[in-house]
2 protein chains.
Amino acid sequence: MPAPDDQHDVPALETRASFLLSQLGLQSAQRFTAALAPLGITPNRFGVLAHLARQEGRTQQELATALGLHRNSMVGLIDDLEARGLVERRRHPDDRRAYAIHLTPSAREVLAAGDRLADEQEEAMLGELSAEERAALIATLTRLVASAGYRAGVHPGLGSAH
Amino acid sequence: MPAPDDQHDVPALETRASFLLSQLGLQSAQRFTAALAPLGITPNRFGVLAHLARQEGRTQQELATALGLHRNSMVGLIDDLEARGLVERRRHPDDRRAYAIHLTPSAREVLAAGDRLADEQEEAMLGELSAEERAALIATLTRLVASAGYRAGVHPGLGSAH
DNA sequence: TATTGTTATACTCTATAACTATA
DNA sequence: TATAGTTATAGAGTATAACAATA
């Protein structure tokens, strides 16, 4: 049988930080998705709740802008969260076109539970590293995020900037 | 106007490595997608070519298994690459059910060009870091990938393991 | 005239099952 | 009976345009 012509002068993807980051980043997202599933929400929904928790009463448009997605997409996200009893659409006091989105007590429980799950995941992913290595990694990653021009805590996966 | 009730005792997503990795990883993937676009391929296709470059003549099934996706999905990928003149489906010498997939000279140019683009992206993303910081980052990420059980160079985004 | 929220539509990806031809 | 490749279909996710109510 003709042996396959092996060639080893090939792009070494696995030694590049950009590839490793992409690999680990997707893995991290997939794990978090699986961890949140029993709570009935996705990382996207969790991100909206977390953002709301910092300032309730925002309009859908404000939330969409803050999270970098289109207001059309926010409709479905809020529909979902409302159907699960995690947010309420109240009338906006100043603008009768807009809703003021508020968290329910149930949402605060979900946020706390998700936070615990994120802690467990952090432990599982970084378990091999020493405290110093963890600190160095987080410091470096934080610098890279800042230099990329992202606002802290805003994940690009929510939408692709409109 | 009623001030929104700010709350700052909230999950600190942005200080967790898992969140930062997810952010940077997706960013890295999006940049690479944009960089490869002028070449007419996506990171997925590039990954198939890169894998093929290490060992030509593989069957679609072997490629699918190696890259962690279903053979059904490989059909479309190979269709695409074949239509663009990047791979050829030759008859397999030992198994008349299977194809032996081979790269074209054009594919080797695409691989080289993509490799250059990946270098440029690495430079753009890590530009702020010193040589020591880069080395430390890559070493740490490599350990994390290994501990996660991935094979080097196999990206989980290609498919979700079947 | 511009903006908030909504709906409808289309397009991409992915997942699944079922079919054929070979083994 | 199992395997390689194919096809068809359905579902999730996302992007775009157009609409009604209000500013």
Side-chain angles (χ1 to χ4, degrees), chain A residues 1 4 26 29-30 32-34 36-37 40-48 52 57-83 87-102 155-162, chain B residues 1 26 29-30 33-34 36-37 40-48 52 57-83 87-102 155-162:
Chain A
M1 72 220 88
L26 184 57
Q30 288 174 339
F32 196 46
T33 301
L36 286 180
I41 58 167
T42 63
N44 280 12
R45 271 77 169 165
F46 189 77
V48 173
L52 260 179
R58 293 197 177 189
T59 68
Q60 297 182 187
Q61 171 71 322
E62 285 168 343
L63 278 171
T65 301
L67 293 169
L69 49 85
H70 197 276
R71 70 187 196 286
N72 296 9
S73 310
M74 187 57 68
V75 176
L77 287 177
I78 300 297
D79 281 352
D80 249 47
L81 293 171
E82 193 179 36
V87 303
E88 292 173 1
R89 279 192 242 239
R90 302 187 191 160
R91 294 314 317 183
H92 193 285
D94 302 334
D95 187 340
R96 288 168 48 194
R97 295 172 302 181
Y99 289 119
I101 311 298
H102 285 263
H155 196 288
L158 265 170
S160 35
H162 298 283
Chain B
M1 73 220 88
L26 183 56
Q30 289 174 339
T33 301
L36 285 181
I41 58 168
T42 62
N44 279 13
R45 272 78 169 166
F46 189 77
V48 174
L52 260 178
R58 292 197 178 188
T59 67
Q60 297 181 189
Q61 172 71 317
E62 286 168 343
L63 280 172
T65 300
L67 294 169
L69 49 85
H70 198 276
R71 69 192 140 81
N72 295 9
S73 309
M74 187 57 69
V75 177
L77 288 178
I78 300 297
D79 281 351
D80 248 47
L81 293 170
E82 193 178 36
V87 304
E88 291 173 2
R89 278 194 243 238
R90 302 187 193 160
R91 294 313 317 184
H92 193 283
D94 302 335
D95 188 337
R96 287 168 49 195
R97 295 171 302 180
Y99 289 119
I101 311 297
H102 285 264
H155 195 289
L158 265 170
S160 35
H162 298 284

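Note that the structure is a prediction, hence the values are computed from the model and not measured. So that the names make sense, note that chain A is the first sequence line, chain B the second, and so on, each numbered from 1.
- Rounded to whole Å, atom C1' of dA21(D) lies 16 Å from atom NE2 of H92(A).
- Side-chain nitrogen and oxygen atoms of Q61(A) include at least one within less than 4.0 Å of the OP1 or OP2 phosphate oxygen of dT4(C).
- For N44(B), the side-chain atoms get nearest to dT14(C) when compared with the rest of dT3(C), dT14(C), dG5(C).
- The nearest whole Å value for the distance from the CG atom in L69(B) to the P atom in dG5(D) is 13 Å.
- Where A98(A) and D79(A) each meet DNA chain C at their nearest nucleotide, the meeting point lying more 5' is that of A98(A).
- Residue S73(A) is out of contact with every strand shown, counting any heavy-atom pair closer than 4.0 Å.
- D94(A) places its CG atom 18 Å from the P atom of dT3(C), with the value rounded to the nearest Å.
- To the nearest 0.5 angstrom, H92(A) atom NE2 is 10.0 Å from I101(A) atom CD1.
- dT16(D) atom C1' lies 17 Å from atom CE of M74(A), rounded to whole Å.
- In this structure, of dG5(C), dA2(D), dT6(D), it is dG5(C) that holds the atom nearest to the side chain of Y99(A).
- Atoms CD (E62(A)) and C1' (dT3(C)) sit 12 Å apart, rounded to a whole Å.
- Summarising the geometry, the separation between CG on L63(B) and C1' on dG5(D) is reported as 13 Å, rounded to the nearest angstrom.
- Contact annotation: R89(B) side-chain N/O to dT6(D) OP1/OP2 distance is under 4.0 Å.
- If you check distances only, the side chain of N72(B) does reach the base of dT16(C) with a donor-acceptor pair under 3.5 Å.
- To the nearest angstrom, P of dG13(D) lies 14 Å from CD of Q30(A).
- For the residue pair Q60(A) and V75(A), the shortest heavy atom distance occurs at NE2-CG2, 3.9 Å.
- The listed nucleotides are dT7(C), dT3(D), dG5(D); the one nearest the side chain of V75(A) is dT7(C).
- Toward the 5' end of DNA chain D, the nearer of the two residues R97(B) and Q60(B), judged by each one's closest nucleotide, is R97(B).
- For D95(B), the listed nucleotide lying nearest its side chain is dA4(D); candidates were dT14(D), dA23(D), dA4(D).
- You won't find any donor-acceptor pair under 3.5 Å spanning the side chain of R96(B) and the base of dT22(C), going by distance alone.
- Residue L77(A) contributes atom CG, which lies 12 Å from atom P of dA15(D) at whole-angstrom precision.
- Distance from the side chain of R71(A) is smallest to dT6(C) among dT6(C), dA23(C), dA2(C).
- Under the 4.5 Å side-chain criterion, counting only non-hydrogen atoms from C-beta, V87(B) is in contact with E82(B).
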Indicate every side-chain donor-acceptor pair of residues 40-47 of chain A with a distance under 3.5 Å to a residue at least two apart or in another chain.
{"unit_1": "T42(A)", "atom_1": "OG1", "unit_2": "R45(A)", "atom_2": "N", "d": "3.4"}
{"unit_1": "R45(A)", "atom_1": "NE", "unit_2": "D80(A)", "atom_2": "OD2", "d": "3.4"}
{"unit_1": "R45(A)", "atom_1": "NH2", "unit_2": "D80(A)", "atom_2": "OD2", "d": "2.9"}

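- Partners of R90(B) by side-chain hydrogen bond (donor to acceptor under 3.5 Å, both in side chains), not counting sequence neighbours, listed by chain and number: E88(B), H102(B).
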